[in-house]
Structures are given as C-alpha cells and as structure tokens.
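Working notes for the structure below.
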Amino acid sequence: MTTEPPDTLTAPRELLLGYLDYYRAALLRKLDGMPDADLRTSRLPSGWTPLGLLKHLAFVERRWFRWGFAAERVDEIWGEQRPGSSAWHADESDTLESLQALFLDECARSRAIVASADLQDTARTGGAFNPPDHHPALIWILFHVLQEYARHLGHLDIVRELTDTTTGE
C-alpha cells in the first residue's frame, strides 16, 4: 500500500495490515534514489546504515512472523547483527537490490502466515517461544512490528535529511 489507510477504516485486522503495508512501502520509497555510498554510510554514533536498516527490518519480519509466531525452523535469525556490535550491518556482498528482494520475500511470507491466522491466535511453541515462556497473540505481534517500523522510519527520515536534505513521507 503506497497510501495511508483511509480514516474511515475501522476493522482492526485491515487497519493493522494496511498500516504495516504502508510502512513497508515507505521504507523502500525512502531508500529509493540514494547512492550506494550513502546507503552504506552511517550518519549516527550507533553506526547503523540505511542498508543495515533494510536488512534489520527483513530479519524483524523473519523473527516475529516465521520464527516467532509460526515457529518455523529458520537458518538465520539475527543476520543483520555482527558479534560484539549493536549496529545493524550490511555485508559488502549485500546490494540494495538483494536486500530489497530478501525484504519483499520475508514480507510475503509474513502476509501468508498472518492470512492463515486469527488475531487472537498465540505464537506456536518451538520457535522463539517455548514453555514456560509466554506466547504473545498475533494482534500483539502485529502492533509490536508496526511500532518498530514507525520508529525506524522516523530514524531513516532523519538520516535521509542529513544525507541529502530529502524530507517527507
């Protein structure tokens, strides 16, 4: 979804999923047109880069929906993190196109998982959550992921403005 959901939308499921898709599209739009050097350069003391943020959000999708909610066995769960560093990273071999493909694939997998579940369903055992851990409901996971996107897109707004003065939604 490239536009914000309409203010007349009141169905919780459609509103959550509409905003999540809106933020997913906004992420890609905000990265569009940035030169590779700027995508790989950090403007912040924490050291994360715009490519690292894209990779982080791809793995957020994987962690919360595939590994967390659906309890799928996945090879890489923390692929955007390096041992001993809190900054998200992109490898030299990562390109905007390859990370966009990873991100879009993870988003499609997340959509399929969410489509087959009710908002009140809780995360399955065997992935991120195991007894006696609390298993969050899908609605909570959706809200959590939504707020993570909103927060990180605000970060990206600032980085983009510092990089080339681009502002806006």
Side-chain angles (χ1 to χ4, degrees), residues 1-68 74 76-115 139-169:
M1 172 178 286
T2 58
T3 59
E4 189 173 15
D7 63 4
T8 55
L9 185 57
T10 59
R13 182 182 194 89
E14 287 76 23
L15 191 59
L16 276 168
L17 298 180
Y19 264 105
L20 193 51
D21 278 341
Y22 172 70
Y23 284 127
R24 287 167 172 155
L27 170 66
L28 297 177
R29 189 175 61 253
K30 290 173 187 292
L31 296 172
D32 188 45
M34 289 185 80
D36 189 66
D38 289 332
L39 289 167
R40 294 177 182 280
T41 300
S42 178
R43 304 271 185 224
L44 303 169
S46 63
W48 67 265
T49 66
L51 271 185
L53 177 61
L54 175 58
K55 191 172 185 179
H56 169 66
L57 288 170
F59 279 93
V60 162
E61 294 273 346
R62 180 179 292 185
R63 278 192 295 275
W64 280 104
F65 295 108
R66 292 177 60 198
W67 183 58
V74 291
E76 258 189 308
I77 300 164
W78 305 100
E80 80 281 24
Q81 297 180 355
R82 288 187 177 131
S85 174
S86 61
W88 311 307
H89 81 282
D91 296 322
E92 288 296 319
S93 62
D94 289 329
T95 64
L96 179 59
E97 294 76 20
S98 69
L99 290 178
Q100 283 175 329
L102 172 68
F103 175 75
L104 292 171
D105 180 63
E106 291 298 337
C107 291
R109 289 171 183 254
S110 296
R111 283 187 199 97
I113 289 166
V114 170
I139 192 169
W140 186 92
I141 291 171
L142 286 166
F143 267 105
H144 176 82
V145 171
L146 183 63
Q147 66 80 29
E148 188 154 352
Y149 270 96
R151 187 176 69 248
H152 290 326
L153 286 175
H155 297 150
L156 186 56
D157 282 339
I158 294 166
V159 166
R160 186 73 196 250
E161 186 173 356
L162 289 170
T163 300
D164 64 8
T165 71
T166 298
T167 61
E169 291 292 317

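Keep in mind that what you see is a predicted model, and the values were worked out from it rather than measured.
- Considering only heavy atoms from C-beta on, Leu28 comes within 4.5 Å of Leu104 through its side chain.
- The heavy-atom pair separating Asp32 from Arg160 by the smallest distance is O-NH1, 3.2 Å.
- Contacts of Ile139 classified as side-chain contact (heavy atoms from CB on, under 4.5 Å), with partners at least two apart in sequence or in another chain: Leu16, Leu119, Ala137, Phe143.
- Inter-residue side-chain proximity for Leu27 and Leu57 is flagged as met; some heavy-atom pair is nearer than 4.5 Å.
- Under the 4.5 Å side-chain criterion, counting only non-hydrogen atoms from C-beta, Leu51 is in contact with Leu96.
- Side-chain atoms of Leu31 and Leu53, non-hydrogen and from C-beta on, never get closer than 4.5 Å to each other.
- In this structure, a donor-acceptor pair under 3.5 Å is present between the side chains of Tyr149 and Glu61.
- His152 is linked by a ring pair (Phe, Tyr, Trp, His ring centres under 6.0 Å) to His56, Trp88, His155, counting only residues two or more places apart in sequence or in another chain.
- Side-chain contact between Thr95 and Asp36 is absent, with no heavy-atom pair separated by less than 4.5 Å.
- Contact check on Glu80 versus Arg63 returns a salt bridge, with a Lys/Arg side-chain nitrogen under 4.0 Å from an Asp/Glu carboxylate oxygen.
- Two residues are said to be in side-chain contact when any heavy atoms from C-beta on lie closer than 4.5 Å; Phe59 and Glu76 meet this criterion.
- Remark: the backbone N or O of Val159 is paired with a side-chain donor or acceptor of Thr163 at under 3.5 angstrom.
- Looking only at distances, a side-chain donor or acceptor of Arg40 sits under 3.5 Å from a matching main-chain atom of Asp91.
- No side-chain heavy atom of Val114 sits under 4.5 Å from any side-chain heavy atom of Arg111.
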Stepwise side-chain contact (heavy atoms from CB on, under 4.5 Å) check, Thr167 with Asp157: CA-CA 7 Å; Thr167 61; Asp157 282 339; over 6 Å; no

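- Classified by interplanar angle (parallel below 30°, tilted 30° to 60°, perpendicular above 60°), the ring pair Trp64/Trp140 is tilted.
- Shown here are the side-chain contact (heavy atoms from CB on, under 4.5 Å) partners of Thr41, two or more places apart in sequence or in another chain: Arg43.
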